[in-house]
Structures are given as C-alpha cells and as structure tokens.
Amino acid sequence: MDKQTERRAGQRPRKAYLATREALQHLLETPEFNPGDQIPSERDLADMLGISRMTLRKILDELIGTGVLERRGNRGTFLTSTAIERPLTQPVQLGISKIVELNGAVPSSRLIFFHQAAASSRIARLLAIKTGTPVLIIKRLRLADTKPFCLETSYLPQERVPGLCAEDMRQGTSLNQLLAARYGIVGVSDEGTIRVGIMTPEEQELLQAEPGSPALTYRGVIFDSDKRPNEYLVSVNHPQRVAFRIATTLSSGQALARRESDAGPAADLLV
C-alpha cells in the first residue's frame, strides 16, 4: 500500500468519527432537549448512533471538555445549564452586572481594549454625530462566577464623556453607573436587534468557545430621556451560557381584541 492510500485509509475513520459527533450534537440541539436536561444513557445513545460505547465515551468526553455537557457524579450526563438569563424587556438602567447578580452569580469584567477613533459614517449615523467625530471604543469581557459569557463593545461620543479613561474601566466599575454619576447620562430606552452569527477567532478565544461556534449578537443604540443616542452597543453572547428570556403581558384591551379576533364570525352567533 503506497503512502497516499494509507493516508486516505486513515482519514476515513476520522471523517466517520466527526460525522458521528456532529450527529450527536444535532440530536442534543433538537427541541426535545433543553439546557440542564439529562441525556439518554450511553447504551441508548450508542444504539441510536450505531457506534461502540468506547467511541461514544470519547465523544462525550470531548463535549464535556468544551462545556456542552457536564457530568453530575453518579446521576449521569447532562446538557450544561444556561448560566445567565437576559430578559429582552429589561430596563436599560438595570445593567448586565445586576442581571448577573439576579441570576445568582458574581459579576466581573475584564477590559480588552480602550481607545479613541474617528466615527465611521455608520457609527456617526447611529449616534447622531458627524462622520469623523472622535468616539471612544470600549471592549469588555463580561464574566459570571469567573466564566466568560459575553463580549461587549461600546461606542461613545468622546465629547459627552470628557476625561473617561481606561483606568476607570479596569477598576470594574459599571459603565452605566459611571456615566450616570460623572456625566449625568442615563439610558432609559434602547432599540436594536438580536441575530445569530459565527464567532470570530478572537471571540472564540475570549469566550472559550469552539471554532465555528454560533453567537447570539445584540446590536443596539441606547437613548436618554430626550431620545438622544448616547451609546452604540454590540454584545456577543455565548450560546450555551446565555439565554434571552421573553415575557409579555397584554393589556385588557389587547386581550379583548385578541379574543374577538380569535372568535371570528362565529362570535356573532353568540349574541
């Protein structure tokens, strides 16, 4: 057997292994499983995937190593619980540090970089300033119980925050509290989007995620009570450590309108 044939023969088992691992990950991502759920027994999974239990254990060990799964003593193997729930309808003033505390964890942050740049046309439009106006760019890694869960980049018009420096951020001070106390800037509303994307190599390293990992990315503008934009925020969230929670309540008028709409023409028969 020549070297090329040997190499191809060696690649086949590896491709089959990776395909099996991917199949297991797809299985665990189906609606039947939620964060914190116990996964089926090794015997059942091996039968479902058509592999030996030895191969399955190796795959499970890798998924545990990357944080997808966790072993809980003799109880079995579980999907890792979501560390942080972020409410979509949260008051802007609440801030991420308070949200971490409400999740029962200890918040902390690490400054990645802090520098001044000229506003691009897009950033200028979002912040209602002229293109080329100096802005401060502050990137911080946010952690809960020392585990990174999101990477936040804030863009602030420099003229509104004179004297703000990197040392302020290194002290772990809440940016929201600092802006309110020192500059009287209080965010009261935000407008943005949440989309799924693929992490960059830098984001993967900082968030301790696998190559090619997806991310839940929020991009939005924070406004003060006068509807003036004060900050443009990009928040890249680890998909296995963050979940966005939705809670809505209909007013009595909305609830009545919905009931009438659901009833349709049949409602006339009840009069």
Side-chain angles (χ1 to χ4, degrees), residues 82-103 107 109-131 133-144 148-161 164 169 173-180 183-200 202-203 206-207 209 213-239 241-248:
T82 301
I84 302 298
E85 279 196 352
R86 301 184 65 169
L88 282 176
T89 54
Q90 72 185 60
V92 174
Q93 302 94 323
L94 195 58
I96 190 64
S97 294
K98 187 62 178 179
I99 291 172
V100 171
E101 291 176 354
L102 293 174
N103 276 268
S109 64
R110 176 157 63 91
L111 182 65
I112 304 304
F113 68 70
F114 182 111
H115 70 256
Q116 176 189 315
S120 65
S121 58
R122 179 173 180 272
I123 296 298
R125 175 174 54 81
L126 291 168
L127 292 175
I129 57 179
K130 293 182 179 179
T131 301
T133 298
V135 294
L136 294 180
I137 305 175
I138 306 170
K139 179 178 286 190
R140 294 170 295 159
L141 184 67
R142 312 307 295 267
L143 305 96
F149 67 91
C150 81
L151 185 63
E152 292 192 332
T153 305
S154 298
Y155 297 79
L156 304 168
Q158 189 178 35
E159 63 182 5
R160 297 180 194 168
V161 288
L164 185 64
M169 297 293 95
T173 305
S174 163
L175 180 59
N176 283 357
Q177 293 177 2
L178 181 61
L179 293 178
Y183 303 104
I185 297 175
V186 178
V188 299
S189 64
D190 67 336
E191 182 178 324
T193 61
I194 297 175
R195 295 181 180 177
V196 178
I198 300 299
M199 293 186 193
T200 66
E202 179 196 31
E203 292 163 354
L206 291 172
L207 292 171
S213 291
L216 301 169
T217 302
Y218 167 84
R219 292 181 175 86
V221 179
I222 299 174
F223 300 86
D224 62 17
S225 58
D226 295 323
K227 297 294 184 181
R228 184 173 68 165
N230 294 315
E231 177 185 357
Y232 174 58
L233 176 66
V234 179
S235 178
V236 180
N237 296 265
H238 194 301
R241 295 176 184 165
V242 177
F244 286 91
R245 178 165 48 85
I246 301 172
T248 58

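One-based numbering along the sequence shown.
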key: Heavy-atom check, side chain of Asn237 versus side chain of Pro239, under 4.5 Å   = no
task = Please report the shortest heavy-atom distance between Val236 and Ala215, naming the atom on each side.
result = CG1-CB, 3.6 Å
task = Could I get the full list of salt bridge (Lys or Arg N to Asp or Glu O under 4.0 Å) partners for Arg228, not counting sequence neighbours?
result = Asp224
message = Is any side-chain heavy atom of Leu156 closer than 4.5 Å to one of Val135?
response = no
request  = List in chain and number order the residues that pass salt bridge (Lys or Arg N to Asp or Glu O under 4.0 Å) with Arg160, two or more places apart in sequence or in another chain; answer none if no residue qualifies.
outcome  = none
query = Can you tell me how far CD1 of Ile138 sits from OG1 of Thr153, rounded to the nearest 0.5 angstrom?
reply = 10.0 Å
note = Distance col, row Glu203:CD vs Leu141:CG, nearest 0.5 angstrom, shows 11.0 Å
ask   = In chain order, what residues pass the ring-ring contact (aromatic ring centres under 6.0 Å, His included) check against Phe113, with sequence neighbours excluded?
value = His115
query = Going from CG on Leu151 to CE on Met199, what distance comes out if it is rounded to the nearest 0.5 angstrom?
reply = 9.5 Å
task = For the pair Glu231 and Leu175, evaluate side-chain contact (heavy atoms from CB on, under 4.5 Å) and give the outcome as yes or no after the intermediate values.
result = CA-CA 11 Å; Glu231 177 185 357; Leu175 180 59; 4.1 Å; yes
query = Less than 4.5 Å apart, any side-chain heavy atom of Leu111 and any of Met169?
reply = yes
query = Below 4.5 Å, heavy atoms only, C-beta onward: do Thr217 and Val196 meet side chain to side chain?
reply = no
key: Heavy-atom closest contact (Phe149 atom, Val100 atom, distance)   = CZ-CG2, 3.5 Å
query = Val186 versus Leu179: any side-chain heavy-atom pair under 4.5 Å?
reply = no
remark   = Those residues at least two apart in sequence (or on a different chain) that pass side chain to side chain donor-acceptor pair (under 3.5 Å) with Tyr218 are Asp190
message = I need the Leu164 CG to Phe114 CZ distance, nearest 0.5 Å.
response = 4.5 Å
message = Run the salt bridge (Lys or Arg N to Asp or Glu O under 4.0 Å) test against Glu152 and tell me which residues pass, sequence neighbours left out.
response = Arg86, Arg140, Arg142
query = Thinking salt bridges, do Glu202 and Lys139 make one under a 4.0 Å N-O criterion?
reply = yes
Report all side-chain donor-acceptor pairs from residues 118-127 shorter than 3.5 Å, counting only partners two or more places apart or in another chain.
residue: Ser120; atom: OG; partner: Ile123; partner atom: N; Å: 3.2
residue: Arg122; atom: NH1; partner: Tyr232; partner atom: OH; Å: 3.3
residue: Arg122; atom: NH2; partner: Tyr232; partner atom: OH; Å: 3.1

query = What distance do Ser154 atom OG and Leu136 atom CG have between them, rounded to the nearest 0.5 Å?
reply = 10.5 Å
ask   = Is the closest side-chain heavy-atom distance between Val161 and Ile185 below 4.5 Å?
value = yes
task = Look at atom CD of Gln116 and say whether more than 12 heavy atoms of other residues, nucleotides or ligands are closer to it than 6.0 Å.
result = yes
message = Is any side-chain heavy atom of Ser213 closer than 4.5 Å to one of His238?
response = no
query = Do Ile222 and Asn230 touch side chain to side chain, with heavy atoms closer than 4.5 Å?
reply = no
